[in-house]
Chemist: 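One structure, pasted below without further comment.
Hydrogens, waters and symmetry mates are skipped; everything else that's a heavy atom, side chains included, is used. All figures in this text were calculated on a predicted structure; none of them were measured in a lab.
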Amino acid sequence: MVDAIDYPNRVIGRRVLPPSDAVDRQLVAVNLTESPVGWLARRGMLTPVQVAAAERLRADHGRAGLAARVTMRWDPSPGGRSDGWRDGAHAQSLGAIDAKRRFDAALAAVGPGLSDILWRVACEGEGLADAERGLGWPVRAGKLVLGLALDRLAAFYENQYGKIHLDNRDGLD
């Protein structure tokens with residue numbers, strides 16, 4: 001296991017993975033400040049419920065395969081004809097399809113004005129200043145709007161699935 005003394009500039013924590021995500025172990029070491037959400041939480045700008053909601057959205061974003069690709073895709077591209085299982089939803093796993101549905105429902109519940117900053121910061125890992133600049137917002141407006149978006153997201157998750165568990169093991173997998 002990774003010790004915090006080995007990485008002085010990181011906040012190392014432990015997280016228990018759900019059985020569906022565990023490959024060779026369930027207890028893993030994570031850098032708690034790797035995302036802008038973690039950075040804001042560490043400075044007391046976000047509540048634990050807001051952080052849990054953001055992490056849940058980020059997990060669905062990752063499971064759905066919505067992140068930008070860094071390298072070329074090596075899987076065969078579909079041909080010009082439609083032959084059933086190679087097209088569309090059949091090519092994706094059911095878990096990815098379900099994660100995409102949850103992700104889309106969550107962003108729809110947050111609303112169009114708030115989902116932009118939420119997606120940029122929580123899912124894509126963009127810093128708050130960069131997200132504000134990209135959206136054409138004034139400086140320091142993003143923190144307030146992100147807080148409102150995370151409150152709506154947490155309320156959506158609570159209405160949809162019950163109380164959010166703060167350790168991210170909420171039985172959606």
Side-chain angles (χ1 to χ4, degrees), residues 4 7 9-18 20-21 28-70 89 92-173:
Y7 299 96
N9 295 330
R10 298 180 183 162
V11 178
I12 303 295
R14 300 195 191 317
R15 180 167 292 157
V16 178
L17 296 176
S20 61
D21 289 344
V28 295
V30 294
N31 181 1
L32 298 175
T33 60
E34 72 177 339
S35 70
V37 171
W39 186 90
L40 290 167
R42 204 171 104 207
R43 284 158 179 74
M45 297 176 191
L46 299 177
T47 67
V49 172
Q50 289 174 325
V51 173
E55 288 297 319
R56 188 177 209 176
L57 184 70
R58 184 171 80 152
D60 279 339
H61 182 263
R63 283 188 193 109
L66 298 173
R69 298 199 188 282
V70 179
Q92 296 181 6
S93 70
L94 294 177
I97 294 168
D98 197 33
K100 173 86 166 82
R101 284 185 191 140
R102 290 192 307 261
F103 178 79
D104 289 340
L107 285 187
V110 169
L114 300 175
S115 62
D116 299 335
I117 188 98
L118 183 61
W119 172 76
R120 285 175 178 256
V121 175
C123 300
E124 292 298 321
E126 212 174 288
L128 210 49
D130 293 334
E132 289 168 345
R133 221 177 352 250
L135 292 168
W137 291 357
V139 178
R140 292 193 254 302
K143 186 170 67 170
L144 174 67
V145 178
L146 179 65
L148 293 171
L150 288 170
D151 286 340
R152 278 198 188 174
L153 182 65
F156 166 75
Y157 282 143
E158 187 172 338
N159 289 337
Q160 198 75 15
Y161 307 110
K163 187 173 186 218
I164 292 180
H165 298 280
L166 297 181
D167 60 359
N168 288 331
R169 288 182 287 157
D170 31 24
L172 280 182
D173 301 316

Chemist: Between Glu126 and Arg120, is there a donor-acceptor pair closer than 3.5 Å when you use the side chain of the first and the backbone of the second?
Modeler: no
Chemist: State, to 0.1 Å, how close Ile117 and Leu114 come at their nearest heavy-atom pair, and which atoms those are.
Modeler: CG2-O, 3.4 Å
Chemist: Of Lys143, Arg140, Met45, Arg133, which meets side chain to side chain contact (heavy atoms under 4.5 Å, CB included) against Leu128?
Modeler: Lys143
Chemist: Do the side chains of Leu57 and Tyr157 get nearer than 4.5 Å, heavy atoms only?
Modeler: yes
Chemist: Do any N or O atoms from the side chain of Gln50 and from the backbone of Leu150 form a donor-acceptor pair under 3.5 angstrom?
Modeler: no
Chemist: How many angstroms lie between atom CG of Asp60 and atom CG of Leu66, to the nearest 0.5 angstrom?
Modeler: 9.5 Å
Chemist: Might you point out which heavy atoms bring Ala122 and Arg58 nearest each other, and give the distance in Å?
Modeler: O-CD, 3.2 Å
Chemist: Looking at every heavy atom in both Phe156 and Ala106, which two are closest together, and how far apart are they?
Modeler: CE2-CA, 3.5 Å
Chemist: If you define the side chain from C-beta out and look only at heavy atoms, does anything of Val121 sit under 4.5 Å from Pro36?
Modeler: yes
Chemist: For residues Leu135 and Val145, determine if any side-chain heavy atom of one lies less than 4.5 Å from a side-chain heavy atom of the other.
Modeler: no
Chemist: Look at the aromatic rings of His61 and Phe103 and report parallel, tilted or perpendicular, splitting at 30° and 60°.
Modeler: tilted
Chemist: Glu132 and Ala141: which non-hydrogen atoms are nearest, and at how many Å?
Modeler: OE2-N, 3.2 Å
Chemist: Could you state the interatomic distance from CG (Leu146) to CG (Asp116), rounded to the nearest 0.5 Å?
Modeler: 12.0 Å
Chemist: As an exercise, state the distance from CD of Gln160 to CZ of Arg102, rounded to the nearest 0.5 Å.
Modeler: 10.5 Å
Chemist: Is Arg152 reaching over with its side chain to a backbone N or O of Leu148, donor-acceptor style, under 3.5 angstrom?
Modeler: no
Chemist: Looking at every non-hydrogen atom in both residues, tell me the closest pair between Leu153 and Ala53 and how far apart they are.
Modeler: CD2-O, 3.5 Å
